[in-house]
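Notes for the one structure printed next.
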Amino acid sequence: MRATWRHLPAKLHDVGWEPGLVVPAADGSPLITDHYFPRAEGDFPTLLVRSPYGRGLPWSPMYGLLFAEQGFHVVLQSCRGTGGSGGAFDLWRNEAADGRATVSWLRDQPWFNGTLGTVGPSYLGYVQWALALDPPPELKAMVVQVGLHDPYALFHTHGALRLENALAVGVGMTYQHQGMAPFLRAALRLRHHLRDVTTTRPLRGAYVPALGGEVPWLDDVMTHPDAEDTYWRGASLAQVAERLSVPTSLITGWHDVLADQTFEQYDRLRRAGCEAALLVGPWTHTSALQQGWPEVFAESLAWLRAHLCADPSGLRPTAVRVHIGGENTWRDLDDWPPATVGGQWFPTAQGHLTRQDPTDSTPLASFHYDPGDPTPSLGGPLLSRTAGPRDNGVLEARDDVLTFTGPPLTAPLDVLGPVSARLSISTDTGHADVFTRLCDVDAQGRSVNICDGLIRLRTTGREPSRITVPMSSAAHRFAVGHRIRWQISGGAHPRYASSSGNGESPVDAATFTPVHITLHADSALMLGVRAHGSRLSPAENG
């Protein structure tokens, strides 16, 4: 590990290991648990790490060994139905009760000193929010890394299925707890079959050859696109943050599939008056735990030492630290999002972006979206190795992608905070998806994606529908000579399941209808901006 990740702290203690402990769940199901501990005299706080992905690589070294070396007991547990634990895994439904049962077991352990923290990424973040539904008095700190609180929003956005990510989660949940070799074989099989799976009609059940069998919970999440469906009742733990008093550190990346959930968590914690910290790096969901691990581990360790060991020496002076894209620097901020000036950029019929507000809603540009040759996805927040910033040149050369580009900048321009698009759209079928993306075009013409969003819409007759598309958030500096580009298309496949074009569910539709999509002049790209040279707070000058 230390050869792979530079700047990890030197170990403070040798580590002992008790594998295969049996923790009884409330219904008696055995929850298999490994215990890592410092080989030293004295009391040490405990970290609870509950995972559906097994207890071996990478969890054993990254969480068991590294944190135990720094003076923590680490309880690494397999969620029910995974990694040898009893019962059946049921996405999200048992985590609160099983977490409480584990804390009850901890109270009987002679080495438990009554001080507890939680840490972990992704679904390992969800189990932390589940424990915080009714936080035990021993819980003194949480570190949620690229974490989940709303399963619906992982699988769907505004009714559109996040197809590629759903398949990747299916592979991870099904195979990763079996060990690295079965997981890697399954991931390679999905990659090999991805095109066949995502272009089969109807889509329902098409994943079976790629995943090696049926996955009932995956069928369920794919076929319930409505967030208000009773299927999703109790799944979201968003409201936990509204009443939480446990100090919580949040970590994400600008191209993390769960970045928006992290920003929502931070906003709710801040409004609740809960002590919270936010770190946003230049990472995807997976690279945060790979290339970004030294920063993620240092942030996590500092937070846990401050709140479990009364040692705040490693904390930074501000609540927020973000990586600034385009500049490749870190910036400390007092809050997120920081105060900015709202900026609107408007498209023109010539393909330009202008600051001049149009006076009408006339048709501006149009394109033809064919589900038989869907606009491909490129980079962005994915769970695959193709995630992150990419050269969008090939994508933007397609006839089904509109681009609007601003003039070369004469001074740097910082975009800080939420990005969105106000769209005025009409269609000939009444049904369409609209994908919209912000890109940075350098002096050589290379267009790189910064953030994006998709929405499913319904239009009536020839009248345009007016909608706002959230495009996540950004912290990016457009350099002198660079240009702002706004990209609009009818989808991003297979990141999102293609729109059927006729109102039928993409999962069950056998017939897809091409759509003619028209953009109207009263549309706008909306950015929170801070021009270079404007006065910064002392924290931001850091």
Side-chain angles (χ1 to χ4, degrees), residues 155-169 171 187-188 190-203 206-207 210 222 255 257 284-286 365-405 421 423 425 427 431-441 445-457 469 471-472 485-501 506-507 509 512-517 519:
F155 295 106
H156 300 273
T157 179
H158 305 291
L161 173 64
R162 296 187 174 197
L163 177 58
E164 187 172 354
N165 284 339
L167 297 171
V169 173
V171 167
L188 289 171
L190 174 61
R191 189 185 306 170
H192 178 72
H193 288 284
L194 185 62
R195 179 174 175 81
D196 291 339
V197 169
T198 57
T199 57
T200 296
R201 300 178 185 176
L203 192 58
Y207 69 82
M222 290 177 65
H255 294 277
V257 296
T284 68
H285 190 71
T286 54
S366 61
F367 61 94
H368 184 77
Y369 179 78
D370 182 3
D373 179 24
T375 313
S377 53
L378 180 67
L382 293 166
L383 292 172
S384 71
R385 60 190 178 91
T386 60
R390 291 289 184 270
D391 185 344
N392 280 235
V394 173
L395 180 64
E396 292 171 351
R398 289 176 60 101
D399 291 338
D400 56 1
V401 177
L402 300 178
T403 60
F404 302 93
T405 309
L423 294 175
I425 297 283
T427 73
H431 300 272
D433 289 350
V434 178
F435 178 77
T436 171
R437 169 171 275 183
L438 172 66
C439 293
D440 182 343
V441 182
R446 185 172 184 261
S447 176
V448 176
N449 52 294
I450 299 170
C451 60
D452 52 47
L454 179 139
I455 201 164
R456 179 153 290 175
L457 62 87
V469 185
M471 297 169 60
S472 193
R485 177 166 289 171
W486 186 17
Q487 187 188 115
I488 300 172
S489 61
H493 184 267
R495 177 174 159 189
Y496 299 98
S498 294
S499 167
S500 65
V507 176
F512 283 59
T513 306
V515 186
H516 193 76
I517 300 173
L519 179 74

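Quick caveat, the model's predicted, so the values are computed rather than measured. All values below come from the heavy atoms of this structure, side chains included, with hydrogens, waters and symmetry mates left out.
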Original post:
Roughly how far, to the nearest 0.5 Å, is NE2 of His285 from CG of Leu382?
Top reply: 12.0 Å

**OP:** Find the distance between CG (Asp370) and NE2 (His516) and round it off to the nearest 0.5 Å.
**Re:** 13.5 Å

**OP:** Please report the closest heavy-atom contact between Gln487 and Cys439, naming both atoms and the distance.
**Re:** NE2-SG, 3.8 Å

Original post:
Should Arg191 and Ser384 count as side-chain neighbours, where that means a heavy-atom distance under 4.5 Å?
Top reply: no

**OP:** Can you measure from CD1 (Ile517) to CG (Leu423) and round to the nearest 0.5 angstrom?
**Re:** 10.5 Å

**OP:** Report yes if the side chains of Arg390 and Leu395 come closer than 4.5 Å at any heavy-atom pair, otherwise no.
**Re:** no

**OP:** Indicate yes or no for a side-chain donor-acceptor contact from Asp399 to the backbone of Phe367 under 3.5 Å, with no hydrogens or angles considered.
**Re:** no

**OP:** Please assess Thr427 against Tyr369 for the test side-chain contact (heavy atoms from CB on, under 4.5 Å), listing each intermediate value before the final yes or no.
**Re:** CA-CA 10 Å; Thr427 73; Tyr369 179 78; over 6 Å; no

Subject >> Under 3.5 Å donor-acceptor, His493 side chain and Thr198 backbone >> reply: yes

Original post:
Is there a side-chain contact between Glu396 and Val441 (heavy atoms, below 4.5 Å)?
Top reply: no

**OP:** Check whether any side-chain heavy atom of Ile425 lies under 4.5 Å from a side-chain heavy atom of Leu519, and answer yes or no.
**Re:** yes

**OP:** Give the minimum heavy-atom separation between Ser499 and Phe512, together with the two atoms involved.
**Re:** O-CD2, 3.5 Å

Subject >> Rounded distance (nearest 0.5 Å) linking atom CZ of Arg485 with atom CG of Asn449 >> reply: 12.5 Å

Original post:
How many angstroms lie between atom CZ of Phe155 and atom CG of Leu163, to the nearest 0.5 angstrom?
Top reply: 11.5 Å

Original post:
Which pair of heavy atoms, one from Val515 and one from Ala432, lies closest together, and at what distance?
Top reply: CG1-CB, 4.2 Å

Subject >> Residue Arg385 excluded, over 12 heavy atoms near CZ under 6.0 Å >> reply: no

Original post:
Which heavy-atom pair separates Asp433 from Ala160 by the least distance, and what is that distance?
Top reply: OD2-CB, 4.5 Å

**OP:** Working to the nearest 0.5 Å, report the span between CE of Met471 and CD1 of Ile455.
**Re:** 12.0 Å

Original post:
Considering residues, nucleotides and ligands other than His368, do more than 12 of their heavy atoms fall under 6.0 Å from its NE2?
Top reply: yes

**OP:** Could you tell me whether a side-chain N or O of Asp440 sits under 3.5 Å from a main-chain N or O of Val448, the two making a donor and an acceptor?
**Re:** no

Subject >> Flag side-chain contact, heavy atom, 4.5 Å: Pro381 against Asp452 >> reply: yes

Original post:
Taking the side chain as C-beta and beyond, is there a heavy-atom pair between Arg162 and Tyr496 under 4.5 Å?
Top reply: yes

**OP:** State, to 0.1 Å, how close Leu454 and Val469 come at their nearest heavy-atom pair, and which atoms those are.
**Re:** N-CG1, 3.9 Å

Original post:
Within a strict 4.5 Å, meaning less than it, do heavy atoms of the Pro494 and Ser377 side chains meet?
Top reply: yes

Subject >> Shortest non-hydrogen contact from Pro371 toward Arg201 >> reply: O-NH2, 3.2 Å

Original post:
Less than 4.5 Å apart, any side-chain heavy atom of Asp400 and any of Ser489?
Top reply: no

